[in-house]
Each structure stands twice: as C-alpha cells, then as structure tokens.
Student: 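Dropping a structure here in structure tokens format, bear with me for questions.
Scope of the values below: all heavy atoms of this structure, side chains included, with no hydrogens, waters or symmetry mates.
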Amino acid sequence: MRPDPSIDYPGRTYRFYTGETVYSFGDGMSYSHFSHHLVKALPKLVSIPLEEGHECRTKRCGSVKLLQDQCEDLAFDVELRVMNNGTMDGSHVVFLYSSPPAVHNAPKKQLLAFERVTLGAQREGVVAFRVDVCKDLSVVDELGNRKVGIGSHVLHVGSLKHSLAPVSGKSPVFACDTTKNPNLTSYGFCDTSLSVGERVSDLVKRLTLVEKVTFLVNKAGAVPRLGIPSYEWWSEALHGVSYVGPGTNFSSLVPGATSFPQVILTAASFNIHLFEAIGKGSFLDSTTLGDSTPFEWFETIRMANAKCKVVSTEARAMYNVGLAGLTFWSPNINILRDPRWGRAQETPGEDPVLSSKYAIAYVRGLQQTDDPNKLKIAACCKHYTAYDLDKWKGFNRYRFNAKVTKQDMDDTFQPPFKSCVTEGNAASVMCSYNQVNGVPTCADPDLLSGVVRGEWKLNGYIVADCDSVKVFYNQQHYTKTPEEAAAKAISAGEVSSVSFDIEINRPPNHDIHVTNAGLDLDCGLFLGQYTQAAVNQVLVSESQVDRALTNNFAVLMRLGFFDGDPTKLPYGNLSPKDVCTPENQELAREAARQGIVLLKNKQGTLPLSPASIKSLAVIGPNANVTKTMIGNYEGKGFTISRVPGREICRPNNGCITRHSVQIHNSLTRPHRVCPHHLPTRMPQGGLRGDKPPIGPHEGCGIPGRCNHLDHGCDQSIEKETRDRLDLRLPGQQELLITEVAKASKGPVILVIMSGGGMDVSFAKASDLISGILWAGYPGEAGGAALADIIFGSYNPSGRLPMTWYPESYVDSVPMDNMNMRPDPSTGYPGRTYRFYTGETVYSFGDGLSYSHFSHHLVKAPPKLVSIPLEEGHECRTERCESVELLQDQCEDLAFDVELRVMNNGTMDGSHVVFLYSSPPAVHNAPKKQLLAFERVTLGAQREGVIAFRVDVCKDLSVVDELGNRKVGIGSHVLHVGSLKHTLNVII
C-alpha cells in the first residue's frame, strides 16, 4: 500500500498514493453549498500518561504504544455546525480526517469518521464526533503494533484544519497514592481527616535517622516503603514560572510560561492590585475615580473580568503534568541599597514601604487558596537579610560581612521581611550567603530563632540559599568541622514552643508545636552529608532534626502533597491549557505599560503621531534584544515582542506593525537607517565594547524620521554575581547617542533598559534629545508596551522605585559600606532618597505623564496631635525628643488625609499619589519617608477623591539608635506633590 520512492512506486488509495488523480476519494458536489464551523474548541495538546521508568520519559520517542488503562481518559469531542447555504433542501456528508506525524510510513491522511446530515435550505444543524486518541490517532508500525505518534496531528473537515500535538507527559509527584498501594490508608500521615499536626507527627516517627537526613536537602529522598517519592523543593517564580532551579522544566507539553516584566519595573507601577494579580489573578487596574468614562470602564472591567490566573495557576498546571514543584523560592524583597548591585532588577526598589507592600501582595497572590488550611503554592521571601552585594572589586557575597547598625537593620533591611511573614503569611524565608555583624545569617540564632520564628511567628520553613551552609564552613571558616556547621545551622537557637497555624492573614494557631529552631532545609547536599554524623557526635539531637522535618512536612501537607492524586484535588483541573493564556499575555503587556517611566518629554514631543512621523529608526545595542527584555530568573515566554515601533513579534510569525510607520532596525538593516557608518553592536562583547566606528549619519537626518535609541544594560553588565563598577552607560553608548542626536533632523527618543539607575545626565540636559523612557527589563510584551506609550495608545504612569545618582556617587559611596545615614565628618552622603544628601539625576518617585494631575486637600489633617502618657512617665517632667508608645496608647492616634485628584489633561490616564512625611530631626531620622501610595485612574478632565489613613504610632514613628520605634516630638510635615501640611506632635 505504501509508496517506495526508490523505485518510483506511488502507493495505493487516497491514504498513501502520491501521484495525480482524476477525482479523489470523497469527491462529490451538491446543488447547495454546505459550510462547516467549529462549535467546540479542540485541544491543542494531548498529554500521554506514561508509567514510571518508561523509556520515553528520558529519551525522545517518535511514537508510543499505550495500554488500555492509559487510554481511558484520552478522548475528546469535535462539534461542528453545518449550514446549508443553498435554496434547496439537501443532504451532506461530513468527513473527519486526520493527518498524523511522519512516523512509521504513516498515511498522508486517514478517515476517522463520517456523518450524513439532511438540512433544509438556509438551515443549520450540529454534528459531533468522538475522537479516541488511542484508536483514532494511532498508526500501525512496521511490526504491526498500533502506536500513537508523538508530534503534530492535523484534523480536517472540508477546509477547516486544526493541529494538536500528543506529547509524552509525566505524572505529578505526590505521596500517599492509595490507588496503587491500598495499604497506605492505614498510615496516619495519609489520613486527610486528621489535623496537619497529627499527620506530621505520625510521619516523622516512622522515619529512621538515615531517612530523616535525606529530607533536609532540596532534592529530598524517597521512602518507597511509606509510599513517599523524591521531591524537588527548588523552583523559581520571580516574574513568572522560571526554568531556573531543577524543580521546573519546560517541554513540548508546556514550552513556555507567561514572562512578566522584571520586578523592578512592576514595582514602578506602584499598583498593589497588579502585584497580587501577577501572582494570583483577578486584576483591577487601579483605583478608578470620578464618573465612569469609556477608558475607565475598559481598563477596570476588562481586567477585572479577565480573571488572569497567572503565576500560581501556571505553576499548579505545570505541577499537574510533572513539570514543576509546589515550592517556589520567590519573591526577592531585598532593599535596593546601591544601584551597582547586579540583582537590582529582581527587587521592588529602595523603599521599605514599597518593598513591604510588594512582598505582601505577591505572596498572597502566589499562595491564594479557597481553603484556609491549604496552600496553592508556597512562596519564599529572600534573601534574609542585609544582602545586596554580589561581586564588587575585592568583595563577594560568600565572604562579605555586612556591618549593619541596629537602627539601619530595623528601619531599612528588616521591614519587608517582617511584612512578608506577618502580613503576607509566607510559607518560607530563605537566609542569605553573607554574614551580618560577623555571624552567617544561616547560623544566626538571633535572626532565625529570635526574629523569624520568635517575634514574627513564621508559619513554615527556613531554607538556606544554595550551598550557604557549605559556604560558611568552607569559605567563611565559621566552624572547625562540617559536622559543627550542620549542627550550628539546624540548632540555631534555644528550643521553645510557638503555635502553628494554617491561616491566611493572621498569626498561626494550629494544634502542632514547633521549635524556635534554625535552618530546616538546605539548598545543596551539605546537611544530607553531615547531619547524621553531627547527631552521632552529639553536636545536634535527633529531636532537633525532627523539628526541622516537622516544619518542612507541614508545608507539604498544606500543599496537598500527602493527599493522594492531585488531579482529584483542588486545582487538579488545571492543565497546559491554563499556561500562557491570551489573558495572561495581555496582563504581561499591561504590567509593562504601567511600569515604564517617562523621564523627559521636551515640549510634548511624545506621544508620536504617525501622521507626522513616517519612519522610525531603531538604533542601539538594545534595539533587537528579546532575551535582554526578559531579564534574569526568567522563564520561556510564548509571545515575544521586540522594541521596534508599534509592533509585536511572535516566533515564526514575523512582525505585525500596528501603525503606518516604517520601522528600520539598525541591527538588521543598517544601510536603511544611517547609511554606511552606523553600527550599533559594540564590538568584542556586546554592550562592553569601547570603540564603535562612527561616521556620516545621512540616514539619521531624514526629515519626518524619528530616531529611537535603545540603550542601557543587559545580563553581561548586571546580574547575580555581577555588580557594576560605575553608573555610566556601558561602552561607548553615550558617544553613539550624542552623535546620532547631532545628526538627526527629527525627534530623538532615548529608551533605557536597566535594573539599577544610570547616570544619563548628558541626555537629560541635551536639547537634542527630546524624550527619555526607562523600561527596566519589560518582559515578553515589552516591545508592544513601549510602542503603546510612544505612539500614545497608553498614557505613561510609572514612577521610579529608586534614585538615579550621578557618576560621582561611586567615588563617595563604597559599595561595602552598609550605612544608610550620612556622615558629614567623612563626607559620606548616605543612601536612597530617605537619607542621601547629594545631587541626583532623577529621584525616587519621578515620572511624567501625557496629562497634568493636580491635588487639592478635601479634609486637612490636624495641626496638633497630643500623645497620652501614663502618670509618672519621665517625659511628663523632662524634655523628650521622642517617645516610645505602647499599643493601647496608639488606639485613638490616627487621622485621615482626603485629597481631590484632578486629571487636567486631554488624555485618560493613571496617576500615582504619594503621601510622604518629613519627621523632626531626631535619631538621625530620614529627610522624608513614604507613608502610603495609591494609583488612581481618571478620564480626561475628570476628578475623584482618595483617602489615606495615617496611624501616628506606625506612620509617624522613626527607629532610634537602639532599634526602638518612637514617635518624634515636634514638627512633622506631610506632603503630596506640592501640597504640604505641618502638624505638631506634643505630649
């Protein structure tokens, strides 16, 4: 039947014949024209379940032979609406064909089913076919075995075609599979009717010491006798499900996940709703004020109804097909203390309030669940603490001792972690590589036992950054032996009891008691190698090991790992179809739009008008960099968009231009942009090159052409383990920008991609550069988002979450100096907008809009606040500059600030309202500090009212030199934009 090209044998029948035909199988006409339309969408992917150990789990297979029990759920329906478009009643035969992948000399196409329908003129009806994957999509191999081809199958009915791809899937990893082993039902830890505490206790007591130590590392051991498989704890989801970490894999089943902007750009939106939506879904653009307008209705209703089930949903969907774990070590909430830090891009910025709000929202989004006793996925707040130096000059993170004052620790470095644990209810905290004041964070009983478990009541586990325990033994030489290091980590603190709970928003109160122990889990092998010996040497007790396991297992219990088949549990319906959905991709674009910051707009050059700008030259080392836009700790995005113009670029789909603007990319068509002499790739190392040849720029001088300059950094300049040495644009980018600006006859727009701030003072001051945009690392939809803003489809509203310093900063501020506050005696200017006393290029909170927004007080704060003190308090008789208040003294010390916000522009838009306080000059207090922020959306010429609640004890307090929070006595200045209000705090 099959053709043989070697002898020109064409084969037989429509299924195999390769020659010409007079008429084909199935041909036939009617006096009526019949049309077909899909009623029910068909799957694009079909996952083939394979048993453990199947060879196709580890190698590439062209086809797979399935057993009957593997085929039971592998079926789907094809529903079609058939229309008789003619003037006569008639009958019509509907054929459903399949073209399988080219394996085993398979047929070109084969008939799966047919149905004859009779319809009156201009009438329609529905027909349905049931497709059994094992029966209908299989082919017979050379040995007569029926197999399902792995790859693309094309189903066709008439002119309709639909591709689907069966792929060999994996089963999710879970314990207590009572279907395979009914004996497991007798174990308490598999009994879901028991409490978490009872189940964990039952499990721990069944383990031997040898088995126990295997559960102290990220690649946890398996205990087949108890039905417990190996589990990989390490997965990442910094700004989307990432391939970093062995717990997550992409495959033909799930080739990519939604890749959002890097955290620093998302933070620039100052939109708490967005922070949570990326982790969870149910996105509301911002607070919408005033009477409804079409813009407000679209932005609010569209995104609210989209129900974008994003990172947590995509993670669970991947877990359900064996491609991800349930424990994700995100977010990174370290304070961006220094712009040179290579991991600046991963953080929410330099302000403790913003970082805290981000931590709470993102963690809640990731862990969200309908059942308060469960977790959807487990988040992890990292890197605890005072960690923000990777590799700078002679310092590296493995040996760095961060010398931090108690004051800086409690008012700058600790607040995001405290909020993450106490308000976000994070399931984990990760300790960092560095030492703090001479003690490794992963061996510090005060930081771990005293603070995280004792004060904050962590409801979860503490994990070491990868190989941190090994690092403090091998590189920091903190202990003499590896066994001592293992013991030091696990027993970092005195034993005491705290209550344990599975609650969403309040401290725990469950029935299991855990310890104020130190480390519970090691990312690495160290604890697995040396803990047993440490127990044998009586350096640590087995009961302390048990307490670490208790913390770990309790989290897995909450995740449902010990509840049996996850596909039969909550979230079990999630599958690859829920990954990178159109709604999720749109949210990635929306996140980028909300975060991009307009820093300069000379004479209203932006937005560009396609009517006057006929072509756009895209120039610079970041002109065509899909990889750069994604940032680090990245996943694999489905839709990748490039920067040029108003276009979206998809793999294998080319570029779709949305405006009548000719796009010229200097990387791919330099001769069309600036002929002969305008290379934009820096030679010898991407952005690092130092001698770009620069010559005539005739192409740049074409009237009506805008030059769009894409510059800044990439991962070769700033990333984990790579800190910057200066703040200038890398290589000769400044020279290139200047030369293009001189030659240009049209407007020049500079777009900066970076994590930390840059010294672009030359561009800020230049009359030749019309606009400056900062885009962070804008994610998979970054190009489209930039185009939306540049061409005016979106009104920019992002604000800088960090200070941009001049180059002189690096000379006066060594990166290893952890002090936040200035020191006039040494000329040290301090750090961040809260303390820095020097000049800036741009300040925290800077950002322009195409609209002008104004603020007016509706309800003024009081001018006087009186602090109640008990009889005999020393401040009743002595002059005090500050006072520490107890909780009951704070109950009535709060007031509202109400503001009317007006959009005075001609475009609808969003605006971030910041409420700052400048406290009295006590305890080296900040110059000003952010109390609250609110992102609002207003139509053109519309207004609305927002309100902030100010808690005097919380919001108007400062941290003194000993780490105590006190309210300053004297004048406090509240400010919103240009509005200022002074209130006096008295006793």
Side-chain angles (χ1 to χ4, degrees), residues 44-62 64 150-152 165-175 217-222 229-260 309-330 366 376-380 463 466 521 523-525 556 559-561 565-567 571-572 574-581 584 627 630-640 651 720 779-780:
K44 293 185 177 180
L45 288 170
V46 174
S47 176
I48 304 296
L50 297 180
E51 66 275 11
E52 291 293 332
H54 194 289
E55 61 179 352
C56 294
R57 280 179 170 269
T58 56
K59 72 176 186 178
R60 185 178 180 86
C61 294
V64 61
I150 304 301
S152 178
V167 295
S168 54
K170 296 181 179 181
S171 298
V173 176
F174 63 94
V217 294
N218 64 286
K219 181 62 174 176
S230 175
Y231 174 73
E232 176 56 68
W233 286 80
W234 182 7
S235 290
E236 300 278 357
L238 182 69
H239 53 111
V241 178
S242 170
Y243 59 74
V244 177
T248 305
N249 297 283
F250 293 101
S251 71
S252 57
L253 181 57
V254 181
T258 309
S259 190
F260 290 94
K309 305 179 182 75
V310 196
V311 179
S312 61
T313 293
E314 294 190 355
R316 265 286 178 170
M318 292 179 66
Y319 169 72
N320 287 345
V321 291
L323 294 176
L326 294 167
T327 46
F328 286 78
W329 293 346
S330 302
L366 289 179
K376 189 174 184 181
I377 64 174
C380 174
V463 59
C466 295
L521 189 71
C523 177
L525 303 174
L556 290 180
L559 288 162
F561 183 80
D565 186 355
T567 62
Y571 314 114
L574 298 176
S575 68
K577 67 178 172 53
D578 298 295
V579 179
C580 215
T581 64
N584 293 357
K627 179 69 172 175
I630 300 296
N632 70 349
Y633 278 82
E634 72 277 26
K636 295 181 179 180
F638 270 30
T639 299
I640 306 296
E720 185 175 8
E780 69 175 38

Student: Would you give the length of the straight line joining atom OG of S330 to atom CG of L238, rounded to the nearest 0.5 angstrom?
Tutor: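 Here the interatomic distance stands at 5.0 Å.
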Student: If I take atom OG from residue S312 and atom CZ from residue F328, how far apart are they, to the nearest 0.5 angstrom?
Tutor: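 That separation rounds to 9.5 Å.
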Student: What salt bridge (charged side-chain N to carboxylate O under 4.0 Å, His left out) pairs are there with at least one residue in residues 239-255, not counting sequence neighbours?
Tutor: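 Sorted pair list comes back empty.
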Student: Can you confirm whether T327 sits close enough to L559 that some side-chain heavy atom of one is under 4.5 Å from a side-chain heavy atom of the other?
Tutor: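 In contact.
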Student: Quick one: list whatever passes salt bridge (Lys or Arg N to Asp or Glu O under 4.0 Å) with E232, sequence neighbours left out.
Tutor: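 E232 satisfies salt bridge (Lys or Arg N to Asp or Glu O under 4.0 Å) with no residue once adjacent residues are dropped.
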Student: Evaluate the side-chain proximity of P255 to K636: yes if any heavy-atom separation is below 4.5 Å, no if none is.
Tutor: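 No; the side chains remain at least 4.5 Å from each other.
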Student: D578 side chain to S575 main-chain N or O, any donor-acceptor pair under 3.5 Å?
Tutor: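 Checked: pair present.
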Student: Can you give me the closest heavy-atom contact between G325 and S235, atom names plus distance?
Tutor: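 What the structure gives for the nearest pair is N-OG, 3.6 Å.
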Student: Taking atom SG of C580 and atom CD of E314, what is their separation to the nearest 0.5 Å?
Tutor: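 Going from SG on C580 over to CD on E314, the span is 6.0 Å.
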Student: Flag the pair R316 / I377 as yes when at least one side-chain heavy-atom distance between them is below 4.5 Å, and no otherwise.
Tutor: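 Yes, side chains in contact.
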Student: Are the side chain of N218 and the backbone N or O of P246 linked by a donor-acceptor pair below 3.5 Å?
Tutor: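 No.
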Student: Which atoms form the tightest heavy-atom contact between P172 and N320, and what is the distance?
Tutor: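 The pair with the smallest heavy-atom distance is CD-O, 3.3 Å.
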Student: Ring-plane angle category for W329 and W234, please: parallel below 30°, perpendicular beyond 60°, tilted otherwise.
Tutor: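 The arrangement is parallel - the two ring planes meet at less than 30°.
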Student: Mind listing the closest non-hydrogen atom pair of V321 and P576 along with its distance?
Tutor: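 Closest heavy-atom pair between V321 and P576: CG1-CD, 3.9 Å.
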Student: Answer yes or no: is there a side-chain heavy-atom contact under 4.5 Å between T248 and S242?
Tutor: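 Side-chain contact under 4.5 Å: no.
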Student: Nearest heavy-atom pair of V311 and G240: which atoms, and what distance?
Tutor: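 In this case the closest contact between V311 and G240 is CG2-CA, 3.9 Å.
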Student: Hey, what do you get for OG (S251) to CE (M318), rounding to the nearest 0.5 Å?
Tutor: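 Between atom OG of S251 and atom CE of M318 there are 7.5 Å.
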Student: Heavy atoms only: give me the nearest V173-S230 pair and the separation to one decimal.
Tutor: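 For V173 and S230, the tightest heavy-atom pair comes out as CG1-O, 3.3 Å.
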Student: Working to the nearest 0.5 angstrom, can you tell me the gap between F174 CZ and L326 CG?
Tutor: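 If we round to the nearest 0.5 Å, F174:CZ and L326:CG are 12.0 Å apart.
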Student: Examine distances only and state if a side-chain atom of E780 and a backbone atom of S259 form a donor-acceptor pair shorter than 3.5 Å.
Tutor: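 Such a contact is found between E780 side chain and S259 backbone.
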Student: Does a donor on one side chain sit under 3.5 Å from an acceptor on the other, for N632 and E720?
Tutor: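 No, no side-chain donor-acceptor contact under 3.5 Å.
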Student: Could you report the tightest heavy-atom contact between E634 and H239, atom names first, then the distance?
Tutor: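 Closest pair (atom of E634, atom of H239, distance): CA-NE2, 4.0 Å.
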Student: Ring pair (Phe, Tyr, Trp, His ring centres under 6.0 Å) with Y231: which residues, sequence neighbours excluded?
Tutor: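 Once residues adjacent in sequence are excluded, the partners of Y231 under the ring pair (Phe, Tyr, Trp, His ring centres under 6.0 Å) criterion are W233, F561.
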Student: Would you indicate whether the side-chain heavy atoms of T313 and K376 approach each other to under 4.5 Å?
Tutor: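 Side-chain contact under 4.5 Å: yes.
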